[in-house]
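All figures in this text were calculated on a predicted structure; none of them were measured in a lab. Both ligands and their constituent atoms are indexed starting at 1 by order of listing.
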Amino acid sequence: MDLVIRKAQLRRTDGLRDIGIKGDRIAEIAPSIAARGTREIGADGRLVTPAFVNPHMHLDKCMVRDRMRPNATFSFDEAIELTWGFKRDRTVDDIRKTAVGVAEQAVANGTTHMRVFADVDTIGGLKPVKAMLAVREAMRDVLDIQVVAFPQEATVRNPGSDALLAEAMKLGADVVGGLPWYEHCDADSQTQIDLCFDLARKYGKPIHMLVDDTSDPTKRTLEMLALKTIRAGLGHHVAASHCESITFYDPTHAARVIAQVKEAGMSIVSNAHISLTLIGIVGRPQPAPRGITRVWEFLQAGVNVASGQDDVNDPYYPFGRCDQLEVGWVMAHTAQLVFADDIETAYDLITTNAAKVMSLTDYGLEVGRRADLIVLDAPSVKEAFRLQAPRLYVIRKGRVVAETNVTRTVHRAK
Ligand SMILES: [Zn+2]
């Protein structure tokens, strides 16, 4: 064996296991593995799980918040305007360098796969896409990146972005993005959705759209996307992020849309910390809307739901450490996933469910799968969340790609 992890606590498993890794694969999982590893890690009862997957991340905008004037209304519209000057002026090299620093943080925090959105519009042109494709290459030894060509200014609303989107796909983007709710009317939203499906078909790529990122109950782009997905038969190749309007629908309408999403076979990505802070601030009404989509109801309906970091220190969100354990912890609070099974589900949102969003067929803690694992300094998922436990070892393709050592001492008087 190249690497053996001893006495690991696995999820939903009684007793401890050794995990043997050969090359980039999990070769054996057993109560005791006789073979010695070239390298050995003693987990000593600590939790070992598949590594984190972040299915939604704007790596092209991260860390720019401190370089621009404040978002005075803390609104989506002002955030988008704030970014215009930056998009015009930033160089591919600047975007790439900043992104690499944050991507390395993600790896240190246990993420081995990330779906990265790159703005495509007539303001910044293809600079963000070129930068993110460069980051995909630069991070290849530690992180798998999928680049989404994302029309952040919408398409009908931003004439010329349709041609740029096609160009981005030609350059090698992995996913067709979309922002249909940001168009001026339903007809234009439908036009954008149709355009993105045409591109996806032409280039044989999946689709990930940001829909209904608002408390406006008249927005219906999740519904449009679900119906389009059903008719196109694209099922598991389609994901929708945010989906907040449905929370503000009447229950009958919401139930119909949830059923359509389930029938479509698409995934929902909800980033609770973003929805909590971006929805409902302008006049600060009380009680403040929680903003997130109907996570619990989607889960109950059997829809695949995942969570991502979305933003790190950009005009949309002031915080963020590219840490999926933090993302899942906030989701557990916001969606009230607090019973024992719920807490496990919250962990699924940042691991197995997120892997489904990215169509990672080689993912999971099973013999034969790629060895992308984390060793957490906690004995269980609940304790990992509670303590925001350090990721002592991050293993990707069988190689330790990050280690964390934390020493804390309390100096008592006597
Ligand atoms: Zn986003």
- Item | Backbone of Trp181 reached by a side-chain donor or acceptor of Lys219 within 3.5 Å | yes

- Message: Please name the atom of His56, limited to N, O or S, that comes nearest to the Zn ion (ligand 1).
- Response: NE2

- Query: Under 6.0 Å from the NE2 atom of His237, do we count more than 12 heavy atoms belonging to anything else shown?
  - Reply: no

- Query: Is there an N/O/S atom in Asp310 that lies less than 2.8 Å from the Zn ion (ligand 1)?
  - Reply: yes

- Heteroatom N/O/S of His242 within less than 2.8 Å of the Zn ion (ligand 1): no

- Message: Tell me whether Arg369 forms a cation-pi arrangement with Tyr363, defined as NZ or CZ under 6.0 Å from the six-membered ring centre and within 45 degrees of its axis.
- Response: no

- Does the ring centre of Phe150 sit less than 6.0 Å away from the ring centre of His208? no

